[in-house]
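Accompanying notes for the structure given below.
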Amino acid sequence: LSVIGSVSEGLIFYLIEEQLSNVFNKAKIKSSIVTILTQVIVNEKDPAFKNPTKPIGSFYSVIEAGKLVQKGYEVMEDSGRGFRRVVPSPKPIKIIEAETIKKLIKDTVVIAVGGGGIPVISKRNNLVGVEAVIDKDLASACLASDINAKTLLILTSVDYVYLNYNKKDQKSIKKLNVKSAEKYLKEKQFASGSMKPKIEAAINFINNKGKKVIITSPEKAEKALKGKAGTLIAK
């Protein structure tokens, strides 16, 4: 699965680099772009390895899912759409290529940690890929901390973080501090598969000396960086 992750990362990186290069050329921006296959250290004793929760891959019927279970795979029903394989989603600890990225970003646009990065563990000073998928938001926050970034911009499908999302009393949040974010997490205001990991990533980043996190849609990104849109999370 770690090798498949590296392939996916390369595919994602190619598309981003290609389109970013086209934008730069059109805008006559003279800046180099580089992509780095990113390995992410996880703890082999992370509880996630005993409790796989991350759905991946195709959807299967009950019969197909049963055959997978016989082969030793773990499966779960996914939102009424069928069964999928589930794998561990351990917390990222360190980005292996962080120091290289830190040097490159002085004069180069760096594309990294695609899809959460490639999960690896350290065994006797050797890196070994593991069967897991790392959350992309948590991995991005980990990289941002490792390179001493001050701002983390998380782009998603909504313009703001919302309380009571998709309910009649839905309310957008313009500003949020860490204490309130932790409170809302305990109240289960944010869905596990969407906003929850973004809020957790924001908290991790700020607690690791980051200054601020902005969560918004790609369309509102420029305004959000100017303080005119999006949700701002700070200490």
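All values reported here derive from a predicted model rather than from experimental measurement.
- Of the possible polar contacts, one joining the Asp146 side chain to the Ile95 backbone as a donor-acceptor pair under 3.5 Å is found.
- For the atom pair NZ of Lys174 and OG of Ser172, the computed distance is 4.5 Å after rounding to the nearest 0.5 Å.
- When the side chains of ILVMFWY residues are joined at heavy-atom separations under 4.5 Å, either directly or via intervening members, Val178 and Ile214 end up in two distinct hydrophobic clusters.
- Between Glu99 and Lys102 there is a salt bridge, with a side-chain nitrogen of the basic residue lying less than 4.0 Å from a carboxylate oxygen of the acidic one.
- By the rule that hydrophobic residues join a cluster once side-chain heavy atoms approach within less than 4.5 Å of another member, Val87 and Val130 end up as members of separate clusters.
- At least one side-chain heavy atom of Ile56 sits less than 4.5 Å from a side-chain heavy atom of Leu1.
- Side-chain contact between Thr35 and Ile16 is absent, with no heavy-atom pair separated by less than 4.5 Å.
- Interatomic distance, OG1 of Thr100 versus CD1 of Ile105, reported as 11.5 Å (0.5 Å rounding).
- A distance of 5.0 Å separates CD of Gln39 from CD of Glu97, quoted to the nearest 0.5 Å.
- Across all non-hydrogen atoms, the minimal contact from Gly117 to Val40 is CA-CG2, 3.9 Å.
- The side chain to side chain contact (heavy atoms under 4.5 Å, CB included) with Ser32 is formed by just one residue from the set Thr108, Leu104, Val109; it is Thr108.
- Ile121 has its side chain out of reach of Asn43: every pair of non-hydrogen atoms, C-beta onward, lies at least 4.5 Å apart.
- In terms of heavy atoms, Ala141 sits closest to Ala201 at CB-O, 3.4 Å.
- When the shell of 6.0 Å around CZ of Phe59 is examined, it contains more than 12 heavy atoms from other residues, nucleotides or ligands.
- Checked by atom type and distance alone, the side chain of Ser89 pairs as donor or acceptor with a backbone atom of Val133 at under 3.5 Å.
- Between Lys186 and Glu182, none of the side-chain N atoms (NZ, or NE/NH1/NH2) sits under 4.0 Å from a carboxylate O, so this pair counts as no salt bridge.
- Side-chain N or O atoms of Glu74 include none that pairs as donor or acceptor with a backbone N or O of Arg85 at under 3.5 Å.
- For CG of Asn125, the number of neighbouring non-hydrogen atoms (other residues, nucleotides, ligands) closer than 6.0 Å is 12 at most.
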Candidate pair Val62 and Phe83, rule side-chain contact (heavy atoms from CB on, under 4.5 Å), full reasoning: CA-CA 7 Å; Val62 174; Phe83 289 83; 3.6 Å; yes
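- Residues Leu68 and Tyr60 meet the side-chain proximity criterion, which asks for heavy atoms closer than 4.5 Å.
- Salt bridge Glu222/Lys226: present, at least one basic N to carboxylate O contact under 4.0 Å.
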Trace of the side-chain contact (heavy atoms from CB on, under 4.5 Å) decision for Leu15 with Leu11: CA-CA 7 Å; Leu15 294 170; Leu11 289 168; 5.7 Å; no
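- At a threshold of 4.5 Å between side-chain heavy atoms, the hydrophobic network of Ile, Leu, Val, Met, Phe, Trp and Tyr places Ile215 and Leu155 in two separate groups.
- Tracing side-chain contacts under 4.5 Å through hydrophobic residues (I, L, V, M, F, W, Y), one never reaches Leu138 starting from Leu176; they form parts of separate clusters.
- No hydrogens or angles considered: a donor-acceptor pair under 3.5 Å links the side chains of Asn177 and Ser180.
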Chi angles and distances behind the side-chain contact (heavy atoms from CB on, under 4.5 Å) call for Leu127, Ile96: CA-CA 10 Å; Leu127 297 178; Ile96 294 295; 4.0 Å; yes
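- Counting heavy-atom neighbours within 6.0 Å of Tyr73 OH, excluding the residue itself, gives a total of 12 or less.
- Note that CD1 of Ile233 is 11.5 Å distant from CZ of Phe205, once rounded to the nearest 0.5 Å.
- No donor-acceptor pair under 3.5 Å is formed between the side chain of Thr231 and the backbone N or O of Tyr160.
- If you take CG on Asp159 and CD on Glu219, they are separated by 7.0 Å, rounding to the nearest 0.5 Å.
- With contacts defined as side-chain heavy-atom distances shorter than 4.5 Å, the pair Ile111/Ile36 does not qualify.
- Using a distance-only test at 3.5 Å, with no hydrogens or angles considered, no donor-acceptor pair links the side chain of Glu9 to the main chain of Gly5.
- In terms of heavy atoms, Pro197 sits closest to Ala191 at CD-O, 4.0 Å.
- The shortest distance between side-chain heavy atoms of Lys198 and Thr156 falls below 4.5 Å.
- Not one N or O on the side chain of Ser21 forms a donor-acceptor pair closer than 3.5 Å with the backbone of Gln19.
- Annotation for Val42 and Pro92: closest pair CG1-CA, 4.4 Å, computed over non-hydrogen atoms.
- Between the CD1 atom of Ile93 and the CG atom of Asp46 there is a distance of 7.5 Å, given to the nearest 0.5 Å.
- Looking at heavy atoms from C-beta onward, Gln189 lies out of side-chain contact with Val161 at the 4.5 angstrom threshold.
- No continuous path of hydrophobic side-chain contacts links Val110 to Leu20 [ILVMFWY only; heavy atoms under 4.5 Å].
- When all heavy atoms of Ser6 and Leu37 are compared, the pair lying nearest together is O-CD2, 3.7 Å.
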CA sep, side-chain torsions, deciding dist, call: Ile206, Lys212, side-chain contact (heavy atoms from CB on, under 4.5 Å): CA-CA 6 Å; Ile206 293 168; Lys212 62 182 179 180; 5.9 Å; no
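- When side chains are defined from C-beta on, Phe190 counts as touching Leu185, because their heavy atoms get closer than 4.5 Å.
- Between Ile134 and Ala139, the shortest heavy-atom contact is CG2-CB, 4.1 Å.
- Without hydrogens or angle criteria, Arg84 side chain to Gly57 main chain gives a donor-acceptor distance under 3.5 Å.
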